[in-house]
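Report on the structure given below.
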Number of protein chains: 2
Amino acid sequence: MQKNRSEKYHKILTSAGDVFARFGFYKATISQIASQAGVADGTLYLYFKNKDDILYQFISYKTAVVFEKMNTAVATGKTAEEKLRNLIHCHLQEFQNDKNMAVIFQSEVRYLRDIQSQIKDISKMYLDLLSDIIEQGQIEGSMRQDLFVGLVKRFILGAVEGVISTWVSAEGRYDLVAMADPLVDLYLNGVRGGINSI
Amino acid sequence: MQKNRSEKYHKILTSAGDVFARFGFYKATISQIASQAGVADGTLYLYFKNKDDILYQFISYKTAVVFEKMNTAVATGKTAEEKLRNLIHCHLQEFQNDKNMAVIFQSEVRYLRDIQSQIKDISKMYLDLLSDIIEQGQIEGSMRQDLFVGLVKRFILGAVEGVISTWVSAEGRYDLVAMADPLVDLYLNGVRGGINSI
DNA sequence: TTAGATAATGAATTATTATTCATTCCAGCG
DNA sequence: CGCTGGAATGAATAATAATTCATTATCTAA
């Protein structure tokens, strides 16, 4: 098995992304991936241990890239609200730019759960970023003190994922990033938005 | 293939639920399901067309049951807020009561998407319920007029699913239903909860 | 009690694919 | 030009599991 991350290695990973997104991990075959990448079946085994390893590498790689970008996005903001907005914006942007990744992260939930111990998984790090943001917001006084942080962060992540999921189902026919501001508005103000309830 | 919904039919479906939840659809084997149900492998084929059909029937059945209950829950409420609260409460209650269902609905996203045309799927009907509630809230004046309903309903469903997902990952070690009120509070008031901005 | 029908069994069959590895290709070098 | 070692090939192999069906068990009604 080759060690270096050659051009061919990336070609195969990209093709695997296409095929996994299209057919799902289990229905995808090695032959499909190989022919999509323009190499022979056996060649995949020069670069990857087995079929599982291809998915594993795909996820690790994408996770690392997105992780990096999200961290930067958050660091760019000053207030908690800015940080939250930047994070959501970045999230939607990255997933819109890479629909295969979006589909695979949605579809292979089971696999993601199974490897969650070996990998710094994306949900975990996302939830940690959110914890920090919320705590900062509470200190600043821009967010309520009576929040149960464990719930709030899950609430926020779940909602973005839901929005992405709908976008994926719609075959990506509209601008996902345009949802960022309305979404953040909902996080901050809710559907009541300060209307008096007696 | 038997037509009537005998006791054995349900025994097999329940066992399949256990096995699918535990191993995922693709890694689960017919033999596992059969032995769990205390019947021979061949017997499954007297009740189901094939392996896919078992998952299909499982999902159809659970969807129908939950659909019914959610409708009732919503109908019981009077105001939009009551309806929303009842819906979320019912949702969390049903999934807490049937962890296998919760796991399968989370894990087999891909399969769910693929059969979404043949089946009155649970997300679709859920989103429709939410649309009605939000519109009612706007008419009542208890919800903002400037909401993009398409986004709001996705936001709400995504957040509940996220909360359930965390609960599943935690092996169901805490009371899921207790999350209902804090969650609804977040939907209505957001994390700012009326704290002045600016 | 038993003939006929119905249900259940599980070993054998079949189909599918991941994986291996003997062979071929090819780039760089003396 | 040959030679050599690493890279690539793809047909053959192996393993897994879904599905079938000849056989056996169980039930029902006369």
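Quick caveat: nothing in here was measured; it's all calculated off a predicted structure.
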Just so I know, are the side chains of F25(B) and D52(B) near enough to count as touching, which here means a heavy-atom distance under 4.5 Å? yes
Tell me: CD of Q32(B) to C1' of dA18(D), nearest whole Å? 13 Å
Among dG10(D), dT9(C), dA8(D), the one nearest any side-chain atom of L46(B) is dT9(C)
Closest to the Y47(B) side chain, choosing from dA7(C), dA18(C), dG10(C): dA7(C)
note: F25(B), atom CZ; dA18(D), atom P; distance rounded to Å ~ 9 Å
Nearest-angstrom distance from the residue atom NZ of K11(A) to P of dA8(D): 13 Å
Between T43(B) and dT9(C), is there a side-chain N or O to OP1/OP2 distance below 4.0 Å? yes
Taking the side chain as every heavy atom from C-beta outward, state whether D53(B) and Q57(B) have any pair of such atoms under 4.5 Å apart. yes
Nearest-Å distance for atom pair CZ/P, residues F48(A) and dT19(C): 13 Å
Whole-Å gap separating P (dT19(D)) and CD1 (I33(B)): 11 Å
Please give, in whole Å, the distance from dT17(C) P to L44(A) CG? 15 Å
Just wondering, are more than 12 heavy atoms of other shown residues or ligands nearer than 6.0 Å to CD in E68(A)? no
When you get a sec, tell me which of dT9(C), dA18(D), dG10(D) is the closest nucleotide to the side chain of I30(B)? dA18(D)
Reference residue L112(B); test side-chain contact (heavy atoms from CB on, under 4.5 Å); the match among L55(B), I104(B), D121(B), I59(B): I59(B)
salt_bridge(D128(B), K124(B)) N-O dist < 4.0 Å: yes
What's the closest nucleotide to the side chain of A40(A) if the choices are dT9(D), dT17(C), dA17(D)? dT9(D)
Check the distance between dA18(D)'s P and K51(B)'s NZ and give it to me in whole angstrom. 5 Å
Options dT17(C), dT9(C), dT20(C), nucleotide nearest the side-chain atoms of Y45(A): dT20(C)
So what does K8(A) hit on the nucleic acid, given a heavy-atom distance under 4.0 Å: a base, only sugar-phosphate, or nothing? sugar-phosphate
Touch check for A28(A), heavy atoms < 4.0 angstrom, all strands: base, sugar-phosphate only, or nothing? sugar-phosphate
Closest to the 5' end of DNA chain C, once G42(A) and K27(A) are matched to their nearest nucleotides, is K27(A)
In whole angstrom, give the distance that lies between atom CZ of F23(A) and atom P of dT17(C). 11 Å
